[in-house]
Amino acid sequence: MIDVLYFAWVRERIGLPKERVETQAATVADLVEELKAREARYAAAFADVSALRVALDQELSDFGASLSGVREVAFFPPMTGG
Amino acid sequence: MIDVLYFAWVRERIGLPKERVETQAATVADLVEELKAREARYAAAFADVSALRVALDQELSDFGASLSGVREVAFFPPMTGG
Amino acid sequence: MTVRVQADSFDPGAELAGFASGRTDVGAHVSFTGIVRDDSGQLQHMEIEHYPGMTEKAIAGIVAEAVSRWDLRASLVIHRYGRLAPGEPIMMVATAAPHRTDAFAAAEFLMDYLKSRAPFWKREVTADRAEWVAARDEDEDALGRW
Amino acid sequence: MTVRVQADSFDPGAELAGFASGRTDVGAHVSFTGIVRDDSGQLQHMEIEHYPGMTEKAIAGIVAEAVSRWDLRASLVIHRYGRLAPGEPIMMVATAAPHRTDAFAAAEFLMDYLKSRAPFWKREVTADRAEWVAARDEDEDALGRW
């Protein structure tokens with residue numbers, strides 16, 4: 001079980017800020033494929049992963065990274081702070 | 001007649017902040033030579049003009065500049081504002 | 001090295017007044033304040049979403065990197081989230097250092113990294129629509145100079 | 001574009017609070033405050049001499065150059081002269097611009113030029129001597145980047 005969080009327009013497209021996901025995905029990219037296969041709203045949110053960023057346990061990471069030992073994955077667009 | 005002003009350690013070496021000088025000097029460098037010839041304190045203040053800056057009528061200038069039409073000459077070390 | 005992530009507004013003047021005051025080992029304070037801009041006159045408000053937990057970690061990491069690179073004696077980072085009106089302060093960075101070059105460089109570094117590496121997302125709301133602010137290539141490129 | 005040359009002290013926080021406030025066309029304020037530093041613990045006070053008349057002209061020229069180079073909407077320059085105690089503010093620069101890169105660049109430009117082109121001279125007074133601060137090559141070199 002992994003906590004998956006969504007922010008900004010990713011959250012809006014998927015329609016929720018957070019969910020617990022039962023997955024055996026080895027990498028972030030594998031998890032994204034599983035989510036896209038679920039429903040159209042996920043496919044829409046993840047249509048272009050180059051427009052997305054991912055954090056693993058609150059550290060910026062990348063889509064090739066392993067999910068081994070990870071408890072929290074977050075997907076969001078590029079940040080616009082400051 | 002030209003007003004000649006001195007600041008910082010130039011003022012201290014010469015011993016006054018301002019004086020009126022009767023001169024026919026064509027350039028700043030000529031004026032410096034006239035002043036150096038006056039007294040030892042002037043010679044000391046102007047011993048190394050590369051350590052000095054000059055302003056003509058309150059605009060930074062240089063030692064080769066003409067004094068034609070100039071009413072106020074100021075000599076001082078490099079500035080240390082800010 | 002103070003970091004505050006908050007919904008409440010704040011007063012940049014009061015923050016600067018209280019920043020690194022009474023010290024004689026610093027010669028330079030630099031501050032940056034980001035303000036809600038309204039070029040069109042149409043903006044009703046800005047909304048800022050953030051990622052609680054990661055936000056604080058990311059900012060602490062950016063500050064630690066600045067401290068390792070420059071001779072900083074104090075720093076302040078305040079960043080708001082939630083709903084902000086035009087003209088209100090969004091965030092503030094302040095740095096104190098013996099020399100001005102360190103204070104300026106650290107403040108610009110903190111700003112560049114807060115822009116693109118701290119998990120905040122801005123949305124602009126006008127009478128007829130709400131739009132997420134797009135990240136700008138220049139902001140990502142700015143990281144390359146450090 | 002405000003310029004003040006004064007003997008009196010000032011409050012940088014109050015100055016920032018009053019600077020370019022209530023505007024919605026600027027997104028970035030940058031401030032720099034220079035403070036009397038006392039590394040040795042021996043400094044009694046600093047004395048700043050200036051060239052009345054030329055000082056104001058020189059600063060106005062530096063500000064005009066900054067305005068011609070960057071999209072500045074407001075600026076503030078305050079510079080003191082006379083006797084200053086350790087920890088007191090010497091001078092302050094503030095800039096307001098739509099974008100942060102302009103506000104930062106203009107503030108650094110103003111600082112670099114005020115350092116080496118505005119007619120101020122600093123002297124440090126300790127119990128046993130008074131010494132004119134020497135201009136630093138790095139400060140002159142800093143002008144080359146603009």
Side-chain angles (χ1 to χ4, degrees), chain C residues 11-43 46 73 85-101 103-105 107-112 114-115 122 136 138-139 141-142 145, chain D residues 11-43 46 73 85-101 103-105 107-112 114-115 122 136 138-139 141-142 145:
Chain C
D11 175 346
E15 298 295 340
L16 183 63
F19 176 69
S21 58
R23 304 179 65 134
T24 58
D25 65 330
V26 299
H29 291 173
V30 169
S31 79
F32 176 90
T33 311
I35 295 141
V36 181
R37 205 174 75 239
D38 179 20
D39 289 330
S40 63
Q42 302 297 308
L43 187 69
M46 173 179 278
R73 302 300 168 90
E88 279 191 54
I90 301 168
M91 53 84 64
M92 179 173 182
V93 157
T95 55
H99 299 287
R100 79 183 189 289
T101 48
F104 268 120
E108 292 200 61
F109 173 90
L110 290 172
M111 282 310 306
D112 283 353
L114 288 169
K115 271 270 174 209
K122 293 194 187 105
R136 304 187 319 154
E138 306 93 277
D139 287 332
D141 295 347
R145 63 176 165 151
Chain D
D11 175 346
E15 297 295 340
L16 184 63
F19 176 67
S21 59
R23 303 180 65 137
T24 57
D25 64 331
V26 299
H29 291 174
V30 168
S31 79
F32 176 91
T33 311
I35 295 141
V36 181
R37 204 174 77 239
D38 178 20
D39 289 332
S40 64
Q42 301 297 307
L43 187 69
M46 173 178 278
R73 302 300 168 88
E88 279 192 55
I90 301 168
M91 52 84 63
M92 177 173 184
V93 157
T95 55
H99 299 287
R100 80 184 188 288
T101 48
F104 267 120
E108 292 200 63
F109 173 91
L110 290 172
M111 283 309 305
D112 283 352
L114 288 169
K115 271 269 175 213
K122 294 194 186 106
R136 304 188 317 155
E138 307 93 276
D139 287 332
D141 295 347
R145 62 177 166 151

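Below, chains carry the letters A, B, ... as their sequence lines are ordered, and counting in each starts from 1.
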Discussion item. For C:Phe32 and D:Phe104, take the angle between the two ring planes, folded into 0 to 90°, and tell me which bin it lands in: parallel under 30, tilted 30 to 60, perpendicular over 60.
Written reply: parallel

Discussion item. What part of D:Arg23 gets within 4.5 angstrom of chain C, counting heavy atoms only: side chain, backbone, both, or neither?
Written reply: backbone

Worksheet entry | C:Gly27 versus D:Arg37, closest heavy-atom pair with distance | N-CD, 3.6 Å

Worksheet, complete the sentence: Assert top hit (heavy-atom pairs under 4.5 Å, partner chain C, pool D:Glu138, D:Glu15, D:Lys115) equals D:Lys115

Worksheet item: Checking D:Pro98 against chain C: side chain, backbone, both or neither under 4.5 Å from a heavy atom?
Response: both

Worksheet item: Nearest 0.5 Å, what's the CG-CZ distance between C:Leu16 and D:Phe19?
Response: 12.5 Å

Worksheet entry | Portion of C:Ala94 that has a non-hydrogen atom of chain D nearer than 4.5 angstrom | neither

Worksheet entry | D:Asp38 portion near chain C, given a 4.5 angstrom heavy-atom threshold | both

Practice prompt. Kindly indicate whether the side chain of C:Glu108, heavy atoms from C-beta on, has any atom under 4.5 Å from the side chain of D:Val30.
Written response: no

Discussion item. Just so I understand: if I count every heavy-atom pair under 4.5 Å between each of D:Gly13, D:Ala17, D:Ser31 and chain C, which residue has the most?
Written reply: D:Ser31

Fill in: Interface residue of largest heavy-atom contact number with chain D, from C:His99, C:Met92, C:Glu88, under 4.5 Å
C:His99

